[in-house]
Every structure is written in structure tokens, then in C-alpha cells.
S.K.: 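Let me begin by handing over the structure; questions about it come next.
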Amino acid sequence: MSRIGVFVCHCGLNIAKTVRVSELAEFAGTLPDVVVAADYKFMCSTPGQELIQNDIKKYNLDRVIVAACSPLMHEKTFRKVIANAGLNQYLLSIVNVREQDAWVTDSEDEATAKAKALINGAVYRARLLQPLTARFIDVNSDVMVVGGGITGIQAALELAETGKKVYLVERNSTIGGHMAQFDKTFPTLDCSACILTPKMDAVLQNPRIELMTYCEVEEVKGFVGNFDVKIRQKARYVDHSKCNACLACTEKCPGRGTSEWDEGLVKRKAIYIPFPQAVPQKPVIDRNACTYFKKGKCRLCEKACGQSAIAFDQEDTFREIKVGAVIVATGYDLMDTKPLVQYGYGKYPGVYHALEIERLFNSAGPTGGKVVMRDGREPQSIAILHCIGSRDKNHCEYCSRVCCMYSLKFAHLLKEKTHGDVYQLYIDMRAPGKGYEEFYNRLVEEDVKFIRGKAARVTDKTDNPDFAGKLVVEVDDTLTGRFATIPVDMVVLSPAMKPRTDAKEMARLFNLSTDKYGFFMEKHPKLAPLSTMTEGVFIAGACQGPKDIPDSVAQGTGAAAEALTIVVKDRLELEAATAIVNPASCCGCQSCVRVCPYGAPVFNREKNVSEINEALCKGCGLCAASCPASAIFTRHFTNDQVMAEMEGLMEF
Amino acid sequence: MDFEPKILGIACNWCTYTGADLAGTTRLKYPQNVRTVRVMCSSRINPSFIIRAFQLGADGVLVGGCHPGDCHYGTGNLYARRKLAITKKILEFAGMDQKRFRVEWISASEGNKYAEIVEEFTRDLKALGPQNTFRIEKDSRERI
């Protein structure tokens, strides 16, 4: 005989609006073994928690059922509540009457009937619940940050500041990310490099940050507190321990590769550093562009190098590191605008995308900071087209959040540098941020022409002789209601921010979920924006969704704090719901040993039975369902418990 | 009164259960015929659970897991996929209409997919009518 207490939460009106909560509590009170049933406005509030705790003592309860929101929300809260009242925390059952009941129907009758069935199921299950003892594991105090953009840099610096060792893994040969490509940042117009490069340098100088550039994460094993990570160091063909960064090699190199850094606007050498302030300030060889690798002859860089640092025979190497927590800050890709043929990117040389124009502004860019087009002309008229791919149900339904603001920045810089006519073609002007609306107002004053309408087409074909040699932008001006054609020299596209093309593989590597666009999914959109469903793995920055620099930096700092909550501990409590083998029924077939992804079941040859190494068990239950002898129990999810719950659910 | 089928849902904690929560958070409406048991992984599901659900009077059983390849535990749902495919054959062999047993891969971001599937499944089960193939009344039930 159990003594069960059932506590029904109103959640304000969230549940009470659709579920008749007092009727539900009354019903629960009639169920066998239920000795008390109560309802309350907010069970998770302090008075609500006290109500449960008082009833545990008053009625000498040995099982507690809370009918409230999803267990994913508050199971931990209520476990603590009953533990503080002296009950084992596993003697709790949460009934989800909010997310999976009250919120998904408008019918009071249906919602209440379903809630009754759910509570009945929980009562059946609760009777069979067993107290479990939590396990503890030691925690590795190091953290790995993946991605060396501004978000990753910020996270790494913050963590190092707390005294923790950080591995900062970056796939490119330098850190800096997209921010290092920008010239100015909105809305303050401070120079991007001026605010970023000190941070990049701080990373390099910090003895607690181990910078791993030109590296990729190959494999992540283990779990919160104890991740084993395998990292591939891609061959640089330059021994960085010998290189003194004189860059004599790059002067002599005859090879030519496409400069990713300058968005393909110019060529770079085959042995190169991406940009003058790159960190580390040491070159790598682009194998595909290198004359020696292609033709077997050249080696001019080797001759130029006084340090004998060139190492053509270098190969990829692997390294294993152990960390307690991981921060994924892998950033975004700009949408490829070529498939949007109506805008003529790739067809007309006068059409540029946002990152290309950033490079044209930049004094370290291909034009030394002058706005000169591919044909050498300085544009006299420029149209900036917003929402290319964003807010478009055919491509990315979401708003990319930053494009309005950087388009305004472009307008300002283009005005400043060319004194030409600048047109903004926008759907809505979105300026939600500190100083953003003010920046917009400033641009309105700066004689930039704002046309409210999404550009329909960019073409060079026109009947109007005045437009000859121009690109003509066609747009429905929704304010005047007229169809407008604007002749310009240059068109700038502001494309959508998208997940990295390999985001899916990354997600698998780190065991993350992705949303429907491919951005990494947070544990809770409001209350756990940096946590993920995988404990100990955090996300920050644009890999979670489009973000501007201030938001990314804030998230970097936030993720560092999240990671710290784990690595600051010596020991971590693990879920106690693990598998256990009943040696009396084990037939020694080793099915469990074969299926377990964690190697938790170990075969004991002496006793001829399997045993579970609890430290490795994650409690998924695969072994239990695979055991032909039903000798394995998954604690907290035993066959009996699951089937009893099913029985209760099907009774009503 | 119209026949209201009872669906026993078994959802994995990480994908489908979370997806079902998302359907609620975004206030999607779907029929209230499904009652869900949460398990940590679809691989936890023993084929006997499915048979038992039908014995207990479920008109349909809906199993939800992460998309193959996206399992929180790496490979769990791949085992579940194989096991449940065989379960489906066994059910059919035993005379159960295959349409009463669905296995769906619903990720944590697919609240709408969850709602759509429940809607569709409820509709199909209404057309099929009550399940009596395996049903055992309470008095004559024995524990498996």
C-alpha cells in the first residue's frame, strides 16, 4: 500500500482555463492509494512548494504526483521539493497537463477527461516507483570552445579569466570570424578591427587559453563533466614552432589561391596569412593552390625561409583532449545569392553581396578601402536591397535581424566614400536595439533615399536610353503604390544569415538538435537559451540563430558562465536511473554488451553474466529492451512501471 | 456519441516528447485521444509494450523517436527501428490491422508534425472503429 499525494497546479490560468482543476483534484482523491489531493494556483511558487511539503509530513506520504507543466520544465524543482521534505527524489511523478493537454485543446471536457487519464496513469506508476540513490562523478575542469569568432573569443576569454583552462578550436588558420572581415560596426560606426584585434591578441597572450587554429573537432565522446574530444590538426605545411612570422615565404610564393578572406574578390598567395592582424600571425600553405603540390616543383618558400619552417611532408595529426564542458559557437554562413537569379548576382558584375561590400570598405581589403567596382569605376548610384532570402517563405521565413542595420551602415559609408545617390529598398525597417532607431533617423537626415518595397528584379535590359549601361532595379513602392525603376551603377544584396552548411554534421558531432532551418536548438527558447538537450554542451552566437555582435558577445559571456557552473564543481550528480542486471536471470548472451553505445554492460566471464558499469550507463534502456531473458531493469523505467502507467492511461 | 479512439503514445524524452511539448507551447490544437508515456529513448520500448497496450484496450499505438541518426544516445533509435518493424509484422501475423500501429520520427522542433500525426492517426482510427483483436477485459487480465 502506498500513500500518494496528488497536487494539481492551475499555472495561473494556463491550465485552469481549460482543465477543470478542482474537479480533477476531487477525482484524484477518489483513486486507490491516494490519501490527499489538492489544487493550487502556482505549485512551483514558494507557498505551493510548502503545501506539498506540509502534506508529505501531515499525511505521511510516500509518493508524490504533481499535475502541472511538462516534466522537462519542473521535474527537477519538484524533486528538490520532496527531497527537502525527506522523501527520496525519485518517488515523484509529473503529469503533463499543460503542454500536452490544456494548451492543445479548447474543449474543457476533453482536456479534463485527458487529465484524469494521465493522473490515473501516474498513480498506477507511482505505486511501483523505487527510491534511487544519486551517483557522483569527478569533473574535468577544462572547457573547449568551438569556433573562434567574436562569440567564441569572448567565451574563451571570460573562462580563462576565472582561472579555467580553455581550448579554443578554430577551423580556419586565424581566429576572428566574420567580425574581422567587417570595416565598421553599427550603430556606433567604430572600427571593427580596432575593437576585435585586442581581444584576438588577448587570446594569444593568455596562458590559460590553448589556441588550436586550423583544427577540426573529429569526435566527441563521454558526457557532462567528462568529454573526450578528438581533434584533427590539419596540415599547415609550416612548422609553427619554428616559424618566426617574418613572412618572407609569402613574398616569394608564385602560387595563387582565392582569398576567402576577401570573399573571392582577389587572389592571395598559396602560402599566406589571411589578413595582416591574423592570430596566430603565422602562414599556412593552401595545398590546392601551391605550385609544388600541383607540379612537384617550386619550393621557393622553403628557400626563402631562414628558419627551415616549411614542412611539405607534414600530415594531419590527431590529438585527444579531455574537458568538462563544451561551448559551440560556430557562427553562420551568408546565404548563397546565386540561386536567386532575379537579382543577377554572379551575372552582373555590378551586383555585390554584403560581405563583399564590407571588404571594399575595409582598408585592408582588395581595394584599400576605396569603393571601386569590378570594372574599376566608382559607383555614382547604389541600391541596397534588403531581405534577400530573409522573410521569404520560399527561402528563409525568419528575419535575419542584422541586415536593416548593416544596410543603413552601408548607406552611410557609401555616401561618405562615393557621395553618390544611395537607395534603400526595404520591406520594414527593423531597428530594435540600443541606439539603432537613432541611427536610422540619422540616415534619414543624410539624404539616403528610402523606398519601401521589396526589389523584384535587377536587370541591365531597358528601353529607356537614359538607363543605358546601368543596372535597373525594379520595385513596387508600397508607400506610393507605384512601380518604380531605379537606374544604378551598383547593387548591394543583404542576404539571409543561414546555418553553416555543415551544421547538421556539427549537430550530430555534439549531439545537438537543430530547428527547421538548421540552427542549433536551445533547451528552452526563453529560460535556457544557451543550454542544449545535451548536458554540458552549450551554444552561443549565430549558430543558434541570426544575431548581431552585441548579442553574440553577451551570449559568449553567458555560455562561459553556464560552462563554469559545471567545471567549477569537483563532483557532479548524475541521473540515478541506470540499468541493472539481475544475475539470476541473465543467460550470458551478451546482447546488452553488443548494443550499448557507451560500453556500460561488461561481461563477467567468471560468473558468466553481464554487469552494468553504472558510471558509464546513461539510462536509455536499450539493453533492457534487448535482453531476451528480461534480466535487465532500467531503473525508474522498469517494464512493470511502464506497463502499469499504460494500464492507468487506458482505463479512462 | 461518436467513437473516440484511445491512442497510447510512447515518446522518447529528447525528441518526440519535447516536440509534443512544443506543439503545446505554440498552442497548436489536436485531438485529445492520445495519452503519452515518456521513456528516455525509443530503444527502451520492448515489443511487449505494444502488445500490452493493445491488450489494455488501446485502439492505436503511436511510437515517437528521434530521426534516425539524431538519437540522443547515438544509435538507440536504429535498434528501435528494426525491433519495431518486426513488431509490426508480428502484430499483422496475429491479426492486428497494421494501421493501428505507427512509428514516427518527430524531432524536438517538429511540434506541428506531432500535431498533424495525432490528428491523422485519430481520423484513421475513427474510421477503423474499436480495436477488439487483442483487447482483454480487466477482470481476465494477467500480468505479462
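In what follows, every chain begins at residue 1, and chains take the letters A, B, ... in the order their sequences are listed.
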S.K.: Quick one: OG1 on Thr105(A) to CG on Leu28(B), what's the gap to the nearest 0.5 Å?
M.R.: 12.5 Å
S.K.: Please check if the number of heavy atoms outside Glu535(A) that lie under 6.0 Å from its CD is greater than 12.
M.R.: no
S.K.: Sort Cys71(B) into side chain, backbone, both or neither according to what part of it lies under 4.5 angstrom from a heavy atom of chain A.
M.R.: backbone
S.K.: Find the distance between CE (Met650(A)) and CG (Leu56(B)) and round it off to the nearest 0.5 Å.
M.R.: 8.0 Å
S.K.: Quick one: closest heavy-atom pair of Tyr79(B) and Arg594(A), and the distance?
M.R.: OH-O, 3.9 Å
S.K.: So how far is it from Lys6(B) NZ to Lys114(A) NZ, rounded to the nearest 0.5 Å?
M.R.: 13.5 Å
S.K.: Among Gly57(B), Gly69(B), Pro31(B), single out the residue with the greatest number of heavy-atom pairs under 4.5 Å to chain A.
M.R.: Gly69(B)
S.K.: Out of Ala122(A), Cys627(A), Ala624(A), which one racks up the most heavy-atom pairs below 4.5 Å with chain B?
M.R.: Ala624(A)
S.K.: Evaluate whether atom NZ of Lys126(B) has more than 12 neighbouring non-hydrogen atoms of other residues, nucleotides or ligands under 6.0 angstrom away.
M.R.: yes
S.K.: Highest number of heavy-atom pairs under 4.5 Å with chain A: which of Glu110(B), His72(B), Gln32(B)?
M.R.: Gln32(B)
S.K.: For Phe223(A), which atoms come within 4.5 Å of any heavy atom of chain B: side chain, backbone, both, or neither?
M.R.: neither
S.K.: For a quick test of reading the model, state the closest non-hydrogen atom pair linking Ile45(B) to Ala625(A) and the distance between them.
M.R.: O-CB, 3.7 Å
S.K.: Quick one: of Leu512(A), Thr514(A), Val642(A), Leu118(A), who has the most non-hydrogen atom pairs under 4.5 Å with chain B?
M.R.: Val642(A)
S.K.: Quick check for you: among Val39(B), Leu8(B), Leu78(B), which has the greatest number of heavy-atom pairs under 4.5 Å with chain A?
M.R.: Leu8(B)
S.K.: Answer yes or no: is there an ion pair linking Asp70(B) with Lys504(A), defined by an N-O contact shorter than 4.0 Å?
M.R.: yes
S.K.: Could you tell me if the side chain of Arg38(B) sits less than 4.5 Å from the side chain of Leu72(A), heavy atoms only?
M.R.: yes
S.K.: Return the option, out of His636(A), Arg125(A), Glu651(A), Met73(A), with the maximum number of heavy-atom pairs under 4.5 Å with chain B.
M.R.: Glu651(A)
S.K.: Is there side-chain contact between Met643(A) and Ser48(B), with at least one heavy-atom pair below 4.5 Å?
M.R.: yes
S.K.: Got Thr18(B) and Met533(A) here, is their nearest side-chain heavy-atom distance under 4.5 Å?
M.R.: yes
S.K.: Can you see which heavy atom on Pro68(B) is nearest to which on Arg508(A), and at what distance?
M.R.: O-NH2, 4.0 Å
S.K.: Salt-bridged, Glu110(A) to Lys29(B), with N to O below 4.0 Å?
M.R.: no
S.K.: Tell me, for Asn13(B) versus chain A, whether the close heavy atoms (under 4.5 Å) come from the side chain, the backbone, both or neither.
M.R.: both
S.K.: State, with a plain yes or no, whether a side-chain heavy atom of Lys83(B) is found less than 4.5 Å away from one of Ser626(A).
M.R.: yes
S.K.: Decide yes or no on side chain to side chain donor-acceptor pair (under 3.5 Å) for Ser109(B) and Asp515(A), but give the supporting numbers first.
M.R.: CA-CA 5 Å; Ser109(B) 63; Asp515(A) 65 15; over 6 Å; no
S.K.: Contact part of Thr638(A) toward chain B, heavy-atom cut-off under 4.5 Å: side chain, backbone, both or neither?
M.R.: backbone
S.K.: As an exercise, state the distance from CZ of Arg44(B) to CZ of Phe637(A), rounded to the nearest 0.5 Å.
M.R.: 9.0 Å
S.K.: To the nearest 0.5 Å, what is the distance between SG (Cys620(A)) and CH2 (Trp14(B))?
M.R.: 11.0 Å
S.K.: Please classify the contact of Val34(B) with chain A as side chain, backbone, both or neither, using a heavy-atom distance under 4.5 Å.
M.R.: both
S.K.: Which answer fits Met521(A), side chain, backbone, both or neither, if we ask what part of it has an atom under 4.5 Å from a heavy atom of chain B?
M.R.: side chain
S.K.: What's the spacing between Gln55(B) CD and Glu647(A) CD if we round to 0.5 Å?
M.R.: 10.5 Å
S.K.: For the candidates Asn46(B), Val37(B), Thr26(B), which exhibits the highest count of non-hydrogen atom pairs separated by less than 4.5 Å from chain A?
M.R.: Val37(B)
S.K.: What part of Ile7(B) gets closer than 4.5 Å to chain A, counting heavy atoms only: side chain, backbone, both or neither?
M.R.: backbone
S.K.: Which residue pairs pass the side chain to side chain donor-acceptor pair (under 3.5 Å) test when at least one of the two sits in residues 516-525 of chain A, sequence neighbours left out?
M.R.: Glu522(A)-Gln544(A)
S.K.: Any side-chain heavy atom of Asp21(B) within less than 4.5 Å of one from Asn96(A)?
M.R.: yes
S.K.: What residue in Ala113(A), Ser513(A), Ser70(A) has the most heavy-atom pairs under 4.5 Å with chain B?
M.R.: Ser70(A)
S.K.: Where on Asn14(A) is there a heavy atom nearer than 4.5 Å to chain B: the side chain, the backbone, both, or neither?
M.R.: side chain
